[in-house]
Amino acid sequence: MQFFSIVLTLLALAHPLVAALQCAQNTFNNLTLNGGAILAISVAPITNISANLPPTNNFYATNVTGLDVCEVTIQYTHPGQNDTINVVVWLPLGGWNGRFMAIGGGGLATGGGKATLNPPAALGYATAFTDGGHVLDTRSAATWALVSPGNVNWALLQDFASVALDDLATLGKAATEAFYGSSPRYSYWNGCSTGGRQGHMLAQRYPTQFDGILAGAPAFNWASFIVSEYWPQLVMNLLDVYPRQCEFDAITKAATAACDALDGVTDGIVAVPGLCNFDPHTVVGQTFNCSETGMRMQISSEAATVALAAWKGPSTVDGKFEWFGLNPDAPLSGLVNTTCSKGGNCSGVPFAIPVDWIKLFVLKDPTFNLLNLSHREYDTVFRQSNNQFGSIIGTNDPDLTDFRDAGGKMLTWHGLADQLIPPNGTYNYYQRVLNNDPNTVDYYRFYPAPGVGHCSGGSGWFPGNIFQSLVDWVEKDIAPDTVDAKSPPNSKGVVRHVSLCPYPQQLKYTGGDINQASSFICQH
Ligand SMILES: *[C@@H]1O[C@H](CO)[C@@H](O)[C@H](O)[C@H]1NC(C)=O
Ligand SMILES: *[C@@H]1O[C@H](CO)[C@@H](O)[C@H](O)[C@H]1NC(C)=O
Ligand SMILES: *[C@@H]1O[C@H](CO)[C@@H](O)[C@H](O)[C@H]1NC(C)=O
Ligand SMILES: *[C@@H]1O[C@H](CO)[C@@H](O)[C@H](O)[C@H]1NC(C)=O
Ligand SMILES: *[C@@H]1O[C@H](CO)[C@@H](O)[C@H](O)[C@H]1NC(C)=O
Ligand SMILES: *[C@@H]1O[C@H](CO)[C@@H](O)[C@H](O)[C@H]1NC(C)=O
Ligand SMILES: *[C@@H]1O[C@H](CO)[C@@H](O)[C@H](O)[C@H]1NC(C)=O
Ligand SMILES: *[C@@H]1O[C@H](CO)[C@@H](O)[C@H](O)[C@H]1NC(C)=O
Ligand SMILES: *[C@@H]1O[C@H](CO)[C@@H](O)[C@H](O)[C@H]1NC(C)=O
């Protein structure tokens, strides 16, 4: 009997069809979790998967065809906490590369769903995500934030913030070992936005789980930056003016034009936004064609005030710094959205995540009307968000000693035209890690990506191969001095290439073809 099962196992490793035979419940019967109780495990082969993905989790757009995996769904709870969490693992039926990759979530969703498992599985990774015990809804926490009126669901918030990520690593690696008969040689985290925050949380709190962590456009500093995402809407509410999107687009265009050349190249990308001191009040009265109305309009002083507020970020009634703002070439449509009726009656369209965060978690009152928030009350919300939730989900501890000592490597990058998460929060965190340990570059590097939007998009250089840079660092000790990146094709079909520089180095144009990486260097 035992001999037979050994033969089967050997055959399974050699032949994908036989591996499918092991894709059965009893292969995974022995999975356990410290602090958790397994409720159910379901196992099924899924064959001939195809999927077309846009740039996702720091990968370029990927088309997957003919993928065969063993799908394992593990449902468990933390006894006494009344949570029910699902971990989904995909184990390639052929061509396992010996590695495990856990995939992060976005917005208020702990994981990105099965679609996000396609690129890693197609590369031969055993891969997994967790739902963290609540629906995979990126924009709304309405179904899970409160256990009863006025009471936060602390267990689910902790699962989302940290605990379920540790479990995902443990269960994903254990399922991989149960299936292939050996534990993964290397384990990786890969995520962007909330997935970038989660990667940093793992480095801070579970420093031995992953050999390599890729954590793009991190939503860390959560307790501060999420509240800051509401700031431009507060400013519009206080002014009681809601300019049209075409007016903000005209301001973004003027700012980009004014600051474009400061980096030495006039190419529509503001590569050094820190040098840009453009004051939008200088273009008040300038006319532009509004695509929404088909009419000529003038830039108003109110729109200039709102744009400047979005770039400066929030400060208190007394003028004290609260958080960073967006860079001037970032689209304002994410955080400064408005909508207008046919009759020209305009109102604000706040980004959904800060609305839910402030109403459900900070104020614990789903019926609160944020239109009524005063600046003073906003400041209180800002302080309370940090006071009540900083230690749970702030994810901004700069002490990475344990991650370093465990031999981990971490990469982050941030699009400088990010329209949702101010890149300066990432500079700020990285600088604090650097202050704590001057040798940070030995295990953690940060690559600003000029002209790139939130996790992708924009006309700048997107580092869609950066995961491979992490693998080379972890497995071959090849430290990424730079990271290759490319732009999407412009209107003439031209793709621009660059090698992104690790902070505190900066990309500098040295002359020649602006589309070639060799025309740029990294300098201090
Ligand atoms: C599960 O554990 C039992 C007891 O330790 C062991 O006999 C059995 O072989 C294990 N099964 C698998 C599939 O690993
Ligand atoms: C696999 O899927 C492709 C397209 O989705 C289809 O054309 C092909 O026939 C399928 N192959 C098998 C063996 O089912
Ligand atoms: C994926 O397939 C779509 C539809 O066929 C195609 O338009 C796109 O260019 C492909 N993308 C890649 C990265 O191959
Ligand atoms: C457990 O959670 C469910 C909803 O998921 C809820 O209906 C039930 O009342 C909770 N039980 C306790 C004891 O809190
Ligand atoms: C944002 O970061 C850049 C790059 O480090 C810096 O030049 C700039 O002064 C920062 N802006 C603020 C408001 O801190
Ligand atoms: C606005 O549209 C008019 C008529 O289509 C055109 O002549 C003008 O150049 C446009 N102005 C700008 C700033 O695009
Ligand atoms: C802005 O608000 C409009 C109206 O609600 C919505 O259709 C659009 O998707 C929003 N834009 C963004 C970028 O969120
Ligand atoms: C304008 O729109 C707002 C929000 O949609 C609405 O409350 C208000 O009554 C409208 N005002 C007018 C004059 O139509
Ligand atoms: C918001 O303010 C308006 C007018 O100031 C008031 O009528 C309304 O009751 C307030 N709503 C809430 C939910 O406090």
Side-chain angles (χ1 to χ4, degrees), residues 16-17 20 44-69 92-94 106-108 114-116 118-123 137-140 193 217 226 229-233 236-237 241-253 290-293 303 306-307 310 326 329-357 370-371 415 417-422 452-458 462-465 467-468 484-490 493 495:
L17 274 181
I46 304 185
T47 58
N48 202 24
I49 299 167
S50 58
N52 291 359
L53 283 120
T56 310
N57 289 314
N58 319 299
F59 288 119
Y60 289 124
T62 317
N63 289 350
V64 170
T65 55
L67 176 66
D68 300 331
V69 301
L93 292 182
L108 292 161
K114 291 181 190 177
T116 61
N118 277 286
L123 292 169
D137 185 334
T138 58
R139 296 292 178 105
S140 172
S193 194
I226 293 287
E229 291 189 320
Y230 190 75
W231 170 249
Q233 296 286 333
M236 290 195 286
N237 295 342
V241 174
Y242 302 93
R244 287 181 182 275
Q245 290 302 290
C246 62
E247 201 172 344
F248 288 123
D249 291 345
I251 291 176
T252 303
K253 220 167 138 187
C290 179
S291 53
E292 291 160 50
T293 60
V306 175
L326 302 176
D329 59 333
L332 292 170
S333 54
L335 301 184
V336 204
N337 199 4
T338 54
T339 187
C340 301
S341 68
K342 277 217 171 72
N345 177 18
C346 299
S347 50
V349 184
F351 187 45
I353 294 173
V355 170
D356 266 24
W357 179 254
L370 285 181
L371 286 173
D418 194 314
Q419 71 278 26
L420 298 177
I421 303 184
V452 180
H454 185 58
C455 290
S456 67
F462 172 67
N465 224 354
F467 189 80
Q468 191 55 43
D484 292 342
K486 65 182 187 190
S487 74
N490 67 14
V495 173

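Ligands are counted one by one from 1 in listed order, and the atoms in each one are counted from 1 as well.
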| Geometric N/O contact N63 with ligand 3, under 3.5 angstrom |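 By distance alone, the answer is yes.
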
| message | Show me which atoms of ligand 7 lie under 4.0 Å from any heavy atom of S333. | response |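 Answer, ordered by atom number: 12 (C), 13 (C).
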
| At a 4.0 Å threshold, what atoms of ligand 7 neighbour a non-hydrogen atom of V349? | 2 (O), 5 (O)

| task | Mind listing the closest non-hydrogen atom pair of A217 and I421 along with its distance? | result |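 Smallest interatomic distance, heavy atoms only, reads O-CD1, 3.5 Å.
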
| remark: Heavy-atom nearest pair, P119 first then V64, reads N-CG2, 4.4 Å

| request: Give the C-alpha distance, both sets of side-chain angles, the deciding distance and a yes or no for side chain to side chain donor-acceptor pair (under 3.5 Å) between N237 and Y230. | output: CA-CA 11 Å; N237 295 342; Y230 190 75; 3.1 Å; yes

Distance flag for [atom], protein heavy atom under 4.0 Å:
atom: atom 5 (O) of ligand 7; answer: yes
atom: atom 14 (O) of ligand 3; answer: yes
atom: atom 9 (O) of ligand 2; answer: no
atom: atom 2 (O) of ligand 2; answer: yes

| Honestly, is K486 close enough over Y60, meaning NZ or CZ under 6.0 Å from the six-membered ring centre and within 45° of the axis? |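 The answer is yes; both the distance and angle limits are met.
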
| field | Taking atom 12 (C) of ligand 2 as the reference point, the nearest protein heavy atom with its distance | value |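 Answer, as residue, atom name and distance: N48 ND2, 3.2 Å.
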
| query | For atom 11 (N) of ligand 7, which protein heavy atom lies nearest, and how many Å away is it? | reply | N337 ND2, 2.8 Å

| query | What atoms of ligand 3 come within less than 4.0 Å of a heavy atom belonging to N52? | reply |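 Those qualifying, in numeric order: 1 (C), 2 (O), 3 (C), 4 (C).
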
| field | Contact atoms of ligand 3, heavy-atom distance to A61 under 4.0 Å | value |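 Those of ligand 3 that fall under 4.0 Å from A61 are 13 (C).
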
| query | To the nearest 0.5 Å, what is the distance between NZ (K114) and CD1 (I49)? | reply |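 Nearest 0.5 Å value for the NZ-CD1 distance: 9.0 Å.
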
| Side chain proximity check, P120 to F59, heavy atoms < 4.5 angstrom |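 They are in side-chain contact.
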
| request: For Q245 and T338, run side chain to side chain donor-acceptor pair (under 3.5 Å): C-alpha distance rounded to whole Å, both residues' side-chain angles, the deciding distance at 0.1 Å, then the answer. | output: CA-CA 6 Å; Q245 290 302 290; T338 54; 3.0 Å; yes

| task | Under the side chain to side chain donor-acceptor pair (under 3.5 Å) rule, what do S140 and D356 come out as? Steps first, then yes or no, please. | result | CA-CA 6 Å; S140 172; D356 266 24; 3.2 Å; yes

